[in-house]
Structure formats: structure tokens, C-alpha cells
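Here is the structure we will look at, set down as C-alpha cells.
Residues take their numbers from the sequence shown, with the count starting at 1.
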Amino acid sequence: MTQRHPLDMQRCADCGAWWALRPYACAACGGTSLAWTRASGEGVVTACSVVHRAPDAAWREYAPYTLVLVRLREGPVLMGHAAPGVTVGDAVAGQVWEHGQHLLLRFEARRPP
């Protein structure tokens, strides 16, 4: 099975609603024309947690590390890793981070233009 990009989400072709989970129909309009679409990755941190105890050896070298919930500008909320110092309310942008054989999402503070 091919792994999807962490920012690929379902988007309703009928009403334009975005879905982080993989629904069979759009909860906003009931449409079933869902297509994989790449989200911008830009959003605002709504929750933040610093992990001090790694769950296994693969993560031990990264501890402490930050996990965040981010409300994307498209609407869905995603969980991902974050650069140190990222806190609730920060504007962030998500990038792909390769960890072993997995593609993960890592958010960094967005710099003003």
C-alpha cells in the first residue's frame, strides 16, 4: 500500500468541505464525490504538549519533543509534531518529516511575509 502525504485529505467536490478523517460521504452536504486534495498545511495551534518520555527506542533520541493540534485554514484539525517553542495560538506551517519508513507532519512557526 502506498503511503499518502500527511496533508492529503478528502474534499467534497459538491460543497468544498474538507475532511481529515476518511468519510464515505460529506457530513456538511451529504455528497459522495470526495477527492484527495493537498491542504496548505497552514494553520493555528489549538493545543500543545511536550513529551518527555518516549514510547519506544525509535523516539528516545527526540525526547523531549512537542506534539500539537493545529486547525488548518481549510478547517480540519490535525495532530503533528512541532518545532521546540511552538505554543497555543502560534501561526504554523506543516512540512513532511521522514521518520524511519513513515511520513509524518511537523509544524514550524510561520514567518510573517
Side-chain angles (χ1 to χ4, degrees):
M1 182 171 136
T2 304
Q3 189 174 12
R4 293 204 177 274
H5 188 284
L7 290 172
D8 285 350
M9 291 185 264
Q10 296 264 288
R11 186 169 187 204
C12 179
D14 297 326
C15 73
W18 289 78
W19 303 101
L21 300 176
R22 283 132 174 85
Y24 294 102
C26 177
C29 74
T32 57
S33 298
L34 302 175
W36 289 103
T37 308
R38 180 81 35 99
S40 67
E42 296 179 356
V44 175
V45 176
T46 61
C48 180
S49 180
V50 177
V51 178
H52 292 276
R53 291 185 62 188
D56 59 36
W59 290 99
R60 206 161 285 130
E61 69 179 281
Y62 298 102
Y65 55 89
T66 304
L67 295 175
V68 292
L69 292 179
V70 174
R71 179 165 303 280
L72 297 179
R73 73 175 184 201
E74 292 87 358
V77 175
L78 294 181
M79 183 172 81
H81 290 264
V86 169
T87 62
V88 172
D90 286 353
V92 293
Q95 303 294 325
V96 172
W97 176 46
E98 233 178 289
H99 181 263
Q101 305 232 347
H102 302 284
L103 296 179
L104 303 175
L105 194 52
R106 179 177 164 87
F107 290 96
E108 297 198 12
R110 226 176 355 160
R111 309 284 185 259

(message) Please determine whether side chain to side chain contact (heavy atoms under 4.5 Å, CB included) holds for the pair Leu105 and Leu7, giving the CA-CA distance in whole Å, both sets of side-chain angles, and the decisive distance to 0.1 Å.
(response) CA-CA 8 Å; Leu105 194 52; Leu7 290 172; 3.9 Å; yes
(message) Testing the basics here: between Ala25 and Gly30, what is the closest heavy-atom pair and its distance to 0.1 Å?
(response) CB-O, 4.0 Å
(request) Taking all non-hydrogen atoms of both residues into account, name the closest pair between Arg106 and Pro84 and its distance. (result) NH2-CD, 3.9 Å
(request) Spell out, yes or no, whether Val44 and Met9 are grouped together once hydrophobic residues are joined by side-chain heavy atoms under 4.5 Å, including indirect joins. (result) no
(message) Looking at every heavy atom in both Cys29 and Asp14, which two are closest together, and how far apart are they?
(response) SG-CB, 4.0 Å
(request) May I have all residue pairs that pass salt bridge (Lys or Arg N to Asp or Glu O under 4.0 Å) and include part of residues 27-38, sequence neighbours excluded? (result) Asp8-Arg38
(message) Let's go through His81 and Phe107 carefully: what are the C-alpha distance in whole Å and the side-chain angles of both, what is the deciding distance for side chain to side chain contact (heavy atoms under 4.5 Å, CB included) to 0.1 Å, and is it a yes or a no?
(response) CA-CA 6 Å; His81 290 264; Phe107 290 96; over 6 Å; no
(request) Please report the closest heavy-atom contact between Val45 and Ala47, naming both atoms and the distance. (result) CG1-O, 3.4 Å
Please tabulate, one pair per line, all N/O donor-acceptor pairs under 3.5 Å involving side-chain atoms of residues 56-74, not counting sequence neighbours.
from, atom 1, to, atom 2, distance (Å)
Asp56, OD1, Ala58, N, 3.0
Asp56, OD1, Trp59, N, 3.4
Arg71, NH1, Gly75, O, 2.7
Arg73, NE, Ser40, OG, 3.3
Arg73, NH1, Glu42, OE1, 2.9
Glu74, OE1, Ser40, OG, 3.4
Glu74, OE2, Ser40, N, 2.8
Glu74, OE2, Ser40, OG, 3.0

(message) Quick check: closest heavy atoms across Val86 and Ala109, and the distance to 0.1 Å?
(response) CG2-N, 4.1 Å
(request) For residues Trp18 and Gln10, determine if any side-chain heavy atom of one lies less than 4.5 Å from a side-chain heavy atom of the other. (result) no
(request) Say whether Val50 and Leu104 are linked into one hydrophobic cluster, either directly or through other cluster members, by side-chain heavy-atom distances under 4.5 angstrom. (result) no
